[in-house]
Protein chains: 2
Amino acid sequence: MVEEFYGSLREKVFLQLEEDIISGKYKAGQKLTENMLSQNLKVSRTPVREAIRQLELEGLVESIPNKAIIVTGITHEDIEDIYEIRISIEGLAARRAAKSITEEELERLKEITDLQEFYTIRQDMKQLVKTDGDFHETIFRASGSKTLKNILSTFHHNLKKARSDSFGRPVRAKAVLEEHRDIYGALRNRDSIKAEHFMIIHVRNARNRLLGK
Amino acid sequence: MVEEFYGSLREKVFLQLEEDIISGKYKAGQKLTENMLSQNLKVSRTPVREAIRQLELEGLVESIPNKAIIVTGITHEDIEDIYEIRISIEGLAARRAAKSITEEELERLKEITDLQEFYTIRQDMKQLVKTDGDFHETIFRASGSKTLKNILSTFHHNLKKARSDSFGRPVRAKAVLEEHRDIYGALRNRDSIKAEHFMIIHVRNARNRLLGK
DNA sequence: CCATGTATAATTGTATACAATAATACAATC
DNA sequence: GATTGTATTATTGTATACAATTATACATGG
């Protein structure tokens with residue numbers, strides 16, 4: 001079943017290019033042209049250009065005036081950086097969320113972790129990546145900080161591929177589930193200290209699982 | 001003397017709108033239209049749209065499909081968030097920079113701090129804001145981390161106005177200069193521990209000077 | 001053979017025309 | 001009077017034409 005896409009062409013192009021760069025279809029250093037992209041994606045250059053401007057700000061491409069668009073991509077070092085920064089600030093997001101999270105958001109977290117348990121048993125890696133993303137996104141939205149939300153959502157985007165590889169073994173998925181439950185429990189009790197603590201541990205473990213350290 | 005602008009129209013529009021939002025000319029909640037902006041700035045809608053997409057990613061505006069562009073702006077809370085996050089990660093940038101900074105970049109930092117001393121004596125606040133920005137930008141570029149550079153350059157952009165207000169008194173400018181010299185010295189000695197330490201202190205002080213805590 | 005100038009092509013930058021969508025005003029109906 | 005339907009308007013979304021800039025190929029002169 002093919003999933004329909006209802007957004008604008010620009011959004012479609014943006015997501016597609018992001019996917020193609022993160023997945024490695026377009027490799028670092030590769031030169032892209034607007035014509036080439038608009039022909040490939042069967043849209044005009046206008047939505048392509050708008051998408052390029054956004055990718056530029058995300059650091060996935062570099063646009064050289066009147067010359068070309070160069071793919072920057074996500075390097076191994078970038079991933080390490082992102083985890084290191086996440087360790088610093090995602091705990092902050094959890095601490096904030098413990099104070100401002102709503103009952104609806106807590107309900108949603110519960111639903112997500114239940115779903116996650118279901119998919120962990122089924123070993124459905126694709127869905128696990130999605131629920132993991134949803135879990136974190138709900139928390140940094142609940143933090144009430146636009147700045148935290150902006151940074152962390154970009155990070156999670158850029159880690160998408162790397163994380164999907166990380167769910168390779170069920171034992172890891174189970175550890176992730178337990179860590180999420182710890183964080184959820186702390187948020188439910190509105191214990192900001194524990195929420196921060198568990199989140200820092202979780203992100204650090206996630207990094208170690210991914211980078212094998 | 002009017003400063004000439006040599007970049008693209010899109011860049012000009014982006015910087016102008018960013019300035020207008022950060023300075024408060026366009027207030028939070030205000031509705032903008034592409035036509036209005038293109039008429040004001042005497043350019044077509046194309047560069048305006050591209051600029052809007054970037055501002056959207058920076059979180060300065062919110063674009064509602066087929067309806068309008070709503071100004072989000074920078075709130076007092078956003079500024080507090082930005083400083084709190086900067087305290088977490090700008091020290092990291094300094095630590096990295098201590099390891100990877102080049103002789104040229106060190107030379108540049110020296111020039112910047114010398115200039116800063118000059119402007120501190122002259123009490124030229126406008127130039128002090130600029131040199132302060134240059135100092136930090138040089139360091140997080142020297143960190144060699146694309147991710148750190150991206151985040152911190154956005155932060156410094158968004159803090160532009162707030163910081164220009166903070167340089168109001170010469171005693172403060174002098175404190176900033178001393179802190180910069182400490183950081184420079186640590187980087188010159190490639191002492192990553194001290195570089196991180198002094199940077200954290202500096203950002204914390206900057207926040208306190210700005211927010212009066 | 002190398003340097004330089006020039007014409008050509010490729011690419012991005014901008015403007016404009018038109019399409020799609022959502023809001024609004026207003027009339028018709030109950 | 002309230003509600004619903006419809007025409008109009010306003011706004012964003014997309015495509016295309018053209019301008020400006022840069023790269024490339026090639027010829028020309030030393």
Side-chain angles (χ1 to χ4, degrees), chain A residues 2-21 25-73 150, chain B residues 2-21 25-73 150:
Chain A
V2 177
E3 225 169 310
E4 287 289 334
F5 184 86
Y6 290 105
S8 64
L9 284 184
R10 183 216 97 229
E11 206 177 337
K12 186 172 122 184
V13 170
F14 175 66
L15 293 173
Q16 183 65 55
L17 290 180
E18 198 182 39
E19 171 75 25
D20 288 345
I21 292 171
K25 179 178 168 188
Y26 295 140
K27 296 183 203 319
Q30 186 170 350
K31 179 182 163 185
L32 304 175
T33 71
E34 293 174 4
N35 274 328
M36 158 193 167
L37 295 175
S38 67
Q39 282 169 23
N40 285 353
L41 300 169
K42 311 232 187 288
V43 297
S44 76
R45 280 176 53 217
T46 308
V48 170
R49 283 180 65 83
E50 294 181 23
I52 295 288
R53 293 280 103 77
Q54 296 188 293
L55 293 169
E56 210 180 342
L57 224 61
E58 275 197 8
L60 290 177
V61 303
E62 185 185 1
S63 170
I64 301 169
N66 293 311
K67 278 178 67 176
I69 302 144
I70 307 292
V71 177
T72 309
N150 283 348
Chain B
V2 177
E3 225 170 309
E4 287 289 336
F5 184 86
Y6 290 105
S8 64
L9 284 183
R10 182 217 98 227
E11 206 177 338
K12 186 172 123 185
V13 170
F14 175 66
L15 294 173
Q16 184 65 54
L17 290 180
E18 198 181 39
E19 170 75 26
D20 288 346
I21 292 171
K25 179 179 167 187
Y26 295 140
K27 297 183 204 318
Q30 186 171 350
K31 178 182 166 186
L32 304 176
T33 72
E34 293 174 4
N35 275 328
M36 159 192 168
L37 295 175
S38 67
Q39 281 169 24
N40 285 354
L41 299 168
K42 310 231 187 289
V43 297
S44 76
R45 279 175 53 216
T46 308
V48 170
R49 282 181 65 83
E50 295 182 22
I52 295 288
R53 291 290 162 270
Q54 298 187 291
L55 293 169
E56 209 179 343
L57 224 61
E58 275 196 8
L60 290 177
V61 303
E62 185 185 0
S63 169
I64 301 169
N66 293 312
K67 279 178 67 177
I69 303 145
I70 307 292
V71 177
T72 308
N150 283 347

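Checked against salt bridge (charged side-chain N to carboxylate O under 4.0 Å, His left out), B:Arg10 has no partners two or more places apart in sequence or in another chain. By the salt bridge (charged side-chain N to carboxylate O under 4.0 Å, His left out) test, B:Lys31 is found to be paired with no residue, residues two or more places apart in sequence or in another chain being considered. Partners of A:Glu19 according to the side chain to side chain contact (heavy atoms under 4.5 Å, CB included) rule, which considers only residues two or more places apart in sequence or in another chain, are A:Ser23, A:Lys160. Residues meeting the side-chain hydrogen bond (donor to acceptor under 3.5 Å, both in side chains) test with A:Gln16, sequence neighbours left out: A:Asp20.
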Quiz item: Using a cut-off of 4.0 Å between protein heavy atoms and nucleotide atoms, how would you tag nucleotides 9-20 of chain D 5' to 3' with B, S and -?
Solution: --SBBBBBB---
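Residue pairs meeting the side chain to side chain donor-acceptor pair (under 3.5 Å) criterion with at least one partner in residues 60-71 of chain A, sequence neighbours excluded, are A:Arg53-A:Ser63.
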